[in-house]
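In what follows, a single structure is set out as structure tokens and then discussed.
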Amino acid sequence: MTLPAALRDLAILLARVAVGAVFVAHGWQKLVTNGIDGTAAFFEQVGVPAPAAAAWFAALVELVGGAALVLGLLVPVAGALLTVNMIGAFAFVHAGNGLFV
């Protein structure tokens, strides 16, 4: 069974907006709630190389990339940058420690 095109497009839109909103929240947390210094300290603790630069990269990619997903702007670029970010998160934080670190 295949979905009608309009229903498929709506599902993709809702998924893109939901995933984008989650990234915006996490980027905001890194940038404002925890602050870059707090995020960098955590990254250093878990062994992320160049923790200050990685904190800036993660915060901005998650915040701006998430907003781009929500708005539908430069989605392939945002998706690629967010994928790189999530590969780093998995490799340095979640692979050995589980989802909720």
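Among all heavy-atom pairs drawn from Leu71 and Arg16, the shortest one is C-NH2, 4.2 Å. Summarising the geometry of Pro49 relative to Ala54, their closest heavy-atom pair is O-CB, 3.9 Å, with the distance given to 0.1 Å.
Taking Ile, Leu, Val, Met, Phe, Trp and Tyr as hydrophobic and joining them when side-chain heavy atoms fall under 4.5 Å apart, one finds Val77 in a cluster with Val19, Phe23, Phe57, Val61, Leu69, Leu74, Val75, Leu81, Leu82, Val84, Met86.
No single ILVMFWY cluster, assembled from side-chain heavy atoms under 4.5 Å apart, contains both Val70 and Val64.
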In residues 33-44, what donor-acceptor pairs under 3.5 Å come from side-chain atoms, sequence neighbours left out?
| unit_1 | atom_1 | unit_2 | atom_2 | d |
| --- | --- | --- | --- | --- |
| Thr39 | OG1 | Lys30 | O | 3.1 |
| Thr39 | OG1 | Gly35 | O | 3.0 |

